[in-house]
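Here the structure is laid out as structure tokens; the discussion comes afterwards.
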Number of protein chains: 2
Amino acid sequence: MSNFVVKPAKAAARPAQSPSTTPTSYDVAQKAGVSQSAVSRCFRPGSSISPKTRSRVIAAANELGYFPNAMASGLITKRSNLVAVLISNLTNLYYPEVLAEITRRLSDRGIRVLLFALQAESDVDAMLDQVWRYRVDGAIVAARLSPAQLLDFTRHRVPVVLYNRFGEGAPVPSVCCDSMGGERQLVERLIAAGHEVFGIISGPDDSYVSQERVRGAEHWLRESGREAVLVKGAFDYESGDAGLRALMEMTDRKLDALICANDLMAIGAIDCARTHFGIAVPQDLSVVGFDGVAPAEWASYRLSTVRQPVRRMTEAAVSMLIERINDPDLPPEVRTFAGAFIEGTSARFDARADSPA
Amino acid sequence: MSNFVVKPAKAAARPAQSPSTTPTSYDVAQKAGVSQSAVSRCFRPGSSISPKTRSRVIAAANELGYFPNAMASGLITKRSNLVAVLISNLTNLYYPEVLAEITRRLSDRGIRVLLFALQAESDVDAMLDQVWRYRVDGAIVAARLSPAQLLDFTRHRVPVVLYNRFGEGAPVPSVCCDSMGGERQLVERLIAAGHEVFGIISGPDDSYVSQERVRGAEHWLRESGREAVLVKGAFDYESGDAGLRALMEMTDRKLDALICANDLMAIGAIDCARTHFGIAVPQDLSVVGFDGVAPAEWASYRLSTVRQPVRRMTEAAVSMLIERINDPDLPPEVRTFAGAFIEGTSARFDARADSPA
DNA sequence: CTGTTAGCGCTTTCAT
DNA sequence: ATGAAAGCGCTAACAG
């Protein structure tokens with residue numbers, strides 16, 4: 001019976017789809033009069049295919065509007081070409097730039113971004129569920145993860161690179177901006193300029209970056225025998241305002257140097273100083289930040305700060321990740337980048353002419 | 001021959017994997033002593049499965065660290081649970097909030113975001129390629145697409161919702177903020193307050209939003225028999241500065257009301273007015289923007305503007321998209337949202353006490 | 001260089 | 001309620 005079945009020469013072995021569904025490689029194969037695997041090879045770089053066959057396939061594919069199904073190929077190659085990017089608070093003013101850079105760089109390497117924007121630090125586990133389900137090739141994490149959560153990445157064999165974070169417990173690859181060194185540039189200059197009463201506004205307690213920056217600032221102050229009054233902030237504009245008010249009260253209005261754990265709070269503090277206290281910045285109060293976000297450069301602020309080298313850092317994060325996707329056994333390197341001191345005009349960095357006589 | 005093959009009762013039909021690879025449903029099935037399809041049903045809501053079986057499967061799954069493979073299930077269900085989000089310039093200050101909201105809302109509905117951040121409007125076609133390959137269930141687009149590109153969404157049967165854009169040519173579902181109405185609120189108040197010389201700084205030529213806002217502003221000015229001097233900007237801080245300088249020159253420094261196509265340019269203009277020209281805002285010059293971004297509220301600016309209802313707009317975009325994923329034949333609705341007038345203090349809205357005698 | 005043949009890991013009838 | 005079997009659309013040996 002089956003001997004009588006007539007197959008058109010060089011035709012696809014499986015039935016072709018109706019024209020109303022998304023075309024598959026079989027449809028293309030049939031139309032081009034080649035085998036399905038020939039079609040597959042046309043869309044896979046490095047496969048040996050004759051120019052003649054190739055052009056026929058391409059023609060058929062275009063006519064049909066065919067595109068290889070990434071899920072099907074991912075299923076078999078075990079490479080989704082997807083990287084999960086986890087970011088805690090996108091609205092942080094600093095992250096949009098980071099996200100844009102990371103996305104672009106991954107895209108240049110043929111990898112797409114599966115975005116997870118955590119608002120509360122709560123729903124992390126639910127997101128990780130999804131990360132595992134999609135069999136991402138790797139992940140870049142700019143959010144706080146518990147040691148257990150971090151360990152899950154190893155368990156699931158998903159290479160991960162932390163961004164401005166640090167693996168607690170287990171060592172994890174990461175790129176960071178040198179908080180210590182950054183604060184040093186700021187603090188030493190403030191001291192040299194003769195400031196006397198220092199205040200610090202920290203970020204939220206659970207922020208690694210905040211801890212480091214505060215630790216750095218305190219360290220370099222202590223090196224010169226100074227101390228600072230510390231108040232807690234939350235990395236937002238309002239925190240700068242609230243923080244300054246608190247510090248003014250605590251220092252009996254003697255505060256003359258304010259170190260903020262990020263730019264946004266520094267901006268909030270500057271506005272508060274001018275608007276609420278009628279204090280001149282930097283004449284009566286020096287304010288410094290950290291990050292180098294775009295608004296820091298605006299004429300109203302010209303913030304004295306340390307700019308993170310976002311381009312180099314994102315490039316490092318991406319290439320470290322790719323390397324680990326290709327070779328999962330690479331050791332967990334940590335790359336630290338120095339920030340660039342931006343003089344600005346929100347802090348006085350020259351020794352005072354009218355210094356105490 | 002095959003009659004002699006002995007199968008263990010209730011065991012998986014296919015060989016289970018070695019423990020070094022990611023566990024599959026077969027591994028779980030074997031461990032739980034059930035069939036592979038039973039495992040599948042446990043992870044599919046609404047499937048009939050006995051509580052007893054279920055708990056055994058769950059236990060085995062947890063032990064193995066099993067998660068269903070989204071690519072495999074997507075392959076067969078033809079639902080990737082992926083939505084593509086295309087955003088032109090993430091660093092626009094306005095988009096991070098939009099992106100965060102959209103991501104959150106989709107996430108709440110069990111859908112993940114495949115992010116495409118276009119920097120140049122050039123590489124759009126390359127991105128679309130990827131959009132098709134991943135068989136996304138839908139797309140939200142806040143970027144400029146050519147009519148042909150828009151048509152491709154129909155061709156590929158990918159429901160799409162435009163965000164603050166408008167389908168040229170073919171009608172496409174979209175959510176927009178009412179530019180006309182927004183500008184009206186601004187312009188009529190400026191006129192009522194007795195402003196005389198109006199200037200407008202537009203956004204880039206290819207921006208739909210810019211066109212609409214400028215058109216709106218000009219329309220309402222004309223309604224009252226006024227005209228405005230128009231200069232071109234690019235939606236960034238520098239454009240506000242450059243635009244104001246140009247307008248001051250063109251109006252022989254008589255400019256007293258400046259309408260900017262977005263907040264960022266308004267902020268740039270305010271800084272320029274104060275810093276470069278020594279002009280008081282709003283006493284000598286009123287400046288208004290559009291968007292209601294976070295920095296607009298900062299004490300240095302307190303921008304008079306129109307705030308887009310981002311929450312309602314993103315909610316609308318997401319639910320419109322979901323509806324169209326579930327029923328592709330829904331008509332291409334356009335939903336327009338009114339912006340909220342924010343009085344601020346960067347524009348004078350009261351009739352002048354010392355008006356021309 | 002090209003076609004054939006097995007699957008990738010899962011969902012889904014269809015029987016039981 | 002459960003299991004067996006048939007694919008989803010593609011890649012990857014393997015022959016020829």
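Each chain gets a letter, A, B and so on, in the order the sequences are listed, and its residues count up from 1. All values reported here derive from a predicted model rather than from experimental measurement.
The nearest whole Å value for the distance from the NZ atom in Lys52(A) to the P atom in dT2(C) is 8 Å. We find that CG of Asp27(A) is positioned 9 Å from P of dG9(D), with the value rounded to whole Å. In this structure, Ile49(A) atom CD1 and dC1(C) atom P are separated by 9 Å, rounded to whole Å. As a whole-Å value, the separation of Asn81(A) CG from dC8(C) P is 20 Å. When rounded to the nearest whole Å, the span between NZ of Lys78(A) and C1' of dG7(C) equals 10 Å. What separates CG of Asn69(B) from C1' of dC8(C) is a distance of 8 Å, to the nearest Å. The distance from atom CZ of Arg135(B) to atom P of dC10(C) is 20 Å, rounded to the nearest whole Å. Rounded to whole angstrom, the span from the CG atom of Leu75(B) across to the P atom of dC8(D) amounts to 9 Å.
Regarding contacts with the backbone of dT2(D), a side-chain N or O of Ser50(B) is found under 4.0 angstrom from either OP1 or OP2. Residue Thr24(B) places no side-chain N or O under 4.0 Å from the OP1 or OP2 atom of dG9(C).
A salt bridge links Arg155(A) with Asp152(A); the closest basic N to acidic carboxylate O contact falls under 4.0 Å. Of the charged side-chain nitrogens involved, none lies within less than 4.0 Å of a carboxylate oxygen, so that Lys31(B) and Asp27(B) do not count as a salt-bridged pair.
A donor atom on one side chain and an acceptor atom on the other are found under 3.5 Å apart for Thr314(B) and Arg105(B).
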Pairs of donor and acceptor atoms involving the side chains of residues 45-52 of chain B, under 3.5 Å and at least two apart or interchain, shall be tabulated with distances.
residue	atom	partner	partner atom	Å
Ser47(B)	OG	Arg44(B)	O	3.0
Ser50(B)	OG	Thr53(B)	N	3.1
Ser50(B)	OG	Thr53(B)	OG1	2.7

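Residues Leu82(A) and Val136(A) have side chains in contact (heavy-atom distance under 4.5 Å, counting atoms from C-beta outward).
One axis for each end of the helix from dC1(C)-dG16(D) to dT16(C)-dA1(D), each built from five base pairs, and the angle between them comes to 30° at 10° resolution.
For Arg41(A), the salt bridge (Lys or Arg N to Asp or Glu O under 4.0 Å) criterion is met by no residue, not counting sequence neighbours. Applying the side-chain hydrogen bond (donor to acceptor under 3.5 Å, both in side chains) criterion to Arg335(A), with sequence neighbours excluded, gives no partner residue. Ser107(A) is linked by a side-chain hydrogen bond (donor to acceptor under 3.5 Å, both in side chains) to nothing, counting only residues two or more places apart in sequence or in another chain.
Closest approach to the Thr53(A) side chain among dC1(C), dA1(D), dG9(D) is made by dC1(C) (side chain taken as heavy atoms from C-beta onward).
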Between the protein and nucleotides 11-15 of chain D, which nitrogen or oxygen pairs are less than 3.5 angstrom apart?
residue	atom	partner	partner atom	Å
dT11(D)	OP1	Arg44(A)	NE	3.1
dT11(D)	OP1	Arg44(A)	NH2	3.3
dT11(D)	OP2	Ser40(A)	OG	2.3
dT11(D)	O4	Gln36(A)	OE1	3.3

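Ring geometry, Trp132(A) versus Phe67(B): the interplanar angle falls from 30° to 60°, so the pair is classed tilted.
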